[in-house]
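For reference, the structure discussed in these notes is given below.
All chains are named by letter (A, B, ...) in the order of the sequence lines, taking the proteins before the strands, and each is independently numbered beginning at 1. Hydrogens, waters and symmetry mates are skipped; everything else that's a heavy atom, side chains included, is used.
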Number of protein chains: 4
Amino acid sequence: MEQRLKDNRERILKAARKLVAQGGFRAASVSAVSKAAGLSTGAIYRYFPSKSALMVEILTHAVSHEVDVLREITARADSSTDKLAAAVRSFGTRALEGRNLAYAFIAEPTDPEVEAARIVGREDFGDVFKDLLHEGIDRGEFPAQSVDVTAACIVGAFTEALVRPVAPTTLPEAAEPDLVEKIVVFCVAAVRRA
Amino acid sequence: MEQRLKDNRERILKAARKLVAQGGFRAASVSAVSKAAGLSTGAIYRYFPSKSALMVEILTHAVSHEVDVLREITARADSSTDKLAAAVRSFGTRALEGRNLAYAFIAEPTDPEVEAARIVGREDFGDVFKDLLHEGIDRGEFPAQSVDVTAACIVGAFTEALVRPVAPTTLPEAAEPDLVEKIVVFCVAAVRRA
Amino acid sequence: MEQRLKDNRERILKAARKLVAQGGFRAASVSAVSKAAGLSTGAIYRYFPSKSALMVEILTHAVSHEVDVLREITARADSSTDKLAAAVRSFGTRALEGRNLAYAFIAEPTDPEVEAARIVGREDFGDVFKDLLHEGIDRGEFPAQSVDVTAACIVGAFTEALVRPVAPTTLPEAAEPDLVEKIVVFCVAAVRRA
Amino acid sequence: MEQRLKDNRERILKAARKLVAQGGFRAASVSAVSKAAGLSTGAIYRYFPSKSALMVEILTHAVSHEVDVLREITARADSSTDKLAAAVRSFGTRALEGRNLAYAFIAEPTDPEVEAARIVGREDFGDVFKDLLHEGIDRGEFPAQSVDVTAACIVGAFTEALVRPVAPTTLPEAAEPDLVEKIVVFCVAAVRRA
DNA sequence: CATGAATGAGAATTCATTCAT
DNA sequence: TATGAATGAATTCTCATTCAT
């Protein structure tokens with residue numbers, strides 16, 4: 001039954017994740033989540049104190065996991081340019097595989113608490129790129145530039161180019177070949193300015 | 001009477017635009033729109049078959065107006081680089097002034113039909129940049145590149161860097177100085193790759 | 001339609017009053033009230049911002065009206081003893097006729113705001129008797145005694161003897177003859193202690 | 001095992017009593033009771049067919065115990081006046097100490113069956129006073145009066161003056177000095193009418 | 001044409017009760 | 001027997017939409 005408990009919690013999270021990814025936060029009503037998880041509405045509240053808490057957990061976990069992946073990947077590369085490329089490439093590949101925080105960038109939450117969590121998440125995510133940019137500028141690999149603006153532009157660029165077309169609402173056939181590499185080139189050129 | 005009808009229709013659109021711009025689609029309930037327009041809720045339904053239709057029209061008009069502005073502005077410049085810079089600069093400036101389609105890029109609609117309209121709108125908007133890129137590549141000003149991907153990256157970059165900080169949830173005072181120009185530089189560098 | 005509005009508001013209040021009187025606050029669900037008033041649940045919210053507000057209004061109005069009646073009646077009598085007798089008699093008679101604040105004394109609210117309103121109401125109601133007792137003691141009609149305790153005892157005495165048997169949950173046949181006068185005698189004797 | 005069963009049953013009753021006394025019937029959810037008793041919710045249903053049955057038993061036992069105490073105490077006194085005083089004093093003292101059926105008189109049950117049990121309980125409780133009054137009248141200690149009405153008034157008087165200020169919602173510190181004795185005087189004066 | 005009161009489906013949440021383990 | 005996860009009906013409240021006036 002220990003197992004059962006964990007299973008259900010995961011099932012709820014999985015169901016909610018899927019619904020949010022497919023139809024935004026508004027598609028993830030408690031009733032819909034419970035149905036998708038094969039449970040009753042009341043069961044949701046055994047595992048989460050409120051709908052908001054469930055959504056916040058989805059968001060927070062998705063972001064923190066993605067941040068961990070990016071940090072690990074950038075740590076491996078030597079030059080800042082390689083780090084930047086690796087980061088964009090990693091996020092892009094994972095986005096195409098549908099296992100990242102895509103919806104955290106696009107879906108607008110209905111709830112102030114969730115919105116707050118998303119803002120924090122976006123900042124945490126942006127910080128990865130800011131750190132990377134700072135380092136590159138210090139090393140002389142990148143020209144001086146506003147780290148905040150550049151980080152926002154990078155995140156926006158690959159969000160728009162990757163997440164939007166990849167979102168389940170749009171048709172997934174149109175995946176342009178080498179899409180990820182093209183975005184990598186765009187971002188690197190923008191940052192290096194050479 | 002004819003005039004009266006048109007006036008009311010415009011009043012409704014104006015009120016709805018304002019509400020969406022200020023508080024996202026969530027803030028634009030039929031009741032709130034009617035109140036802001038100085039009309040009854042029932043009156044809304046004389047001019048629009050549904051709330052969705054009203055929101056779709058807001059979105060569509062906003063996008064087409066913005067596209068018109070961009071087309072006009074890019075037509076004036078000579079080089080493709082100048083066109084690109086002018087387009088980004090124009091949208092950016094207008095976004096900071098709060099009188100453009102900013103919200104169309106961020107606020108998640110409450111309705112699938114509105115969401116569909118937003119996707120179409122983003123594509124129309126992206127087309128301006130695609131045309132511009134095609135021209136620049138043909139002229140030899142820009143290196144060969146995937147026009148679709150670059151256009152998406154550009155739109156994403158300045159959406160993220162401009163619209164997001166401009167969104168109702170964040171404080172509008174904190175605007176970084178020369179924000180627009182920094183975004184222009186980012187985009188131009190990315191496209192020219194030099 | 002002005003009329004219609006007022007009618008419905010009154011209808012809701014009347015329906016709610018009846019339900020509370022018959023089955024306590026728990027019997028007055030929004031759904032039950034709306035059904036009893038011949039309206040939809042949503043209609044309730046046109047007239048009252050929340051269920052609590054409706055219940056508070058019922059309570060407040062009942063108490064303040066009852067207090068007004070008592071104040072008027074006690075003002076007419078000369079001696080404090082007559083005032084006391086008149087007050088008890090008035091409340092008792094009105095309770096037997098079913099048009100007083102009976103439920104304010106017995107039904108426990110489910111809601112903190114309503115509970116707060118009831119406490120205030122009971123205090124206002126008790127104040128009528130405290131004033132009357134103070135006057136009687138000053139005049140030498142009543143012996144010195146704790147006004148607070150005596151007032152509570154009086155209110156409790158006739159609540160228990162009148163409201164409880166009169167409550168719609170019990171059978172209304174058992175009305176003892178001269179019930180009200182017997183309670184009057186009890187209270188007067190207790191206060192005069194002679 | 002026999003013992004174990006009985007223990008659990010008592011534990012449940014004790015836990016439920018405490019919760020009701022502290023926070024009214026609303027605070028005594030099955031889950032809260034089971035938690036307080038150190039058992040599972042399911043276990044409750046092994047010992048009681050329903051939540052109502054548990055609450056009814058609490059009420060019934062509390063009343064019958066209180067009635068026993070009162071009968072014993074009144075049996076000890078000689079004069080009916082002393083009996084009356086002793087009864088009021090006993091209940092009052094115990095109420096202030098918080099270990100009696102106080103809540104049975106004030107907290108509105110969530111359930112019609114419990115409400116019915118409470119009415120019966122109040123009647124049983126009132127019978128103690130009725131017997132006492134009959135005796136006093138027969139002995140010539142009390143003037144002729146309606147025993148039913150007087151008993152109800154007495155119970156109401158000290159319920160209102162004692163239990164209400166003792167109720168969980170009010171602060172228990174504010175107990176008026178000699179409160180119990182003042183109520184005793186009130187009741188005795190009312191009954192003796194001299 | 002315009003009004004806005006009324007509707008009613010749907011949302012989040014609670015809790016007595018059941019039942020597989 | 002005991003457990004406690006799961007159920008599902010009930011509750012309060014919202015809001016797009018309709019329709020009598």
Next item on the list: List the protein contact pattern of nucleotides 7-14 of chain E with one symbol per nucleotide (5' to 3'): B for base contact, S for sugar-phosphate-only contact, - for none; contact means a heavy-atom distance under 4.0 Å.
Entry: BBB--SBB

Check: Any ion pair linking Glu10(C) and Arg17(C) (charged N to carboxylate O, less than 4.0 Å)?
Finding: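 A salt bridge links Arg17(C) with Glu10(C).
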
Check: Salt bridge or not for Glu57(A) and Arg9(A), using N-O below 4.0 Å?
Finding: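 Here Glu57(A) pairs with Arg9(A) in a salt bridge, since their nearest N and O are under 4.0 Å apart.
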
Checklist line | Closest contact, heavy atoms only, Ser31(D) versus Thr41(D) | finding: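 Ser31(D) and Thr41(D) have their closest heavy atoms at CA-CG2, 3.9 Å.
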
State the [atom1]-[atom2] distance between [X] and [Y], to the nearest 0.5 angstrom.
X        : Y         : atom1 : atom2 : value
Ser40(A) : Tyr45(A)  : OG    : OH    : 11.0 Å
Leu59(D) : Arg122(D) : CG    : CZ    : 10.0 Å
Leu39(A) : Tyr47(A)  : CG    : OH    : 7.0 Å

Next item on the list: Kindly express the pairing pattern of DNA chain F in dot-bracket notation, using | wherever a base pairs with another strand and counting only Watson-Crick or G-U pairs under 3.5 Å.
Entry: .||||||||||||||||||||

Next item on the list: Determine which pairs satisfy salt bridge (charged side-chain N to carboxylate O under 4.0 Å, His left out) with at least one residue from residues 34-43 of chain D, sequence neighbours left out, and list them in order.
Entry: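 Counting only pairs at least two positions apart or across chains, no salt bridge (charged side-chain N to carboxylate O under 4.0 Å, His left out) contact touches residues 34-43 of chain D.
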
What is the separation between atom [atom1] on [X] and atom [atom2] on [N], rounded to the nearest whole Å?
X        : N       : atom1 : atom2 : answer
Phe48(C) : dT14(F) : CZ    : C1'   : 18 Å
Phe25(C) : dT12(F) : CZ    : C1'   : 16 Å
Arg11(B) : dA2(E)  : CZ    : P     : 10 Å
Asp7(A)  : dA20(E) : CG    : C1'   : 16 Å

Checklist line | Separation between the P atoms of dC1(E) and dT21(F), rounded to whole Å | finding: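 That atom pair is separated by 22 Å.
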
Notebook entry, point to check: OP1, OP2 of dA2(F) versus side-chain N and O of Tyr47(D): anything below 4.0 Å?
Noted result: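 Answer yes for this pair, as a side-chain N or O of Tyr47(D) is under 4.0 Å from OP1 or OP2.
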
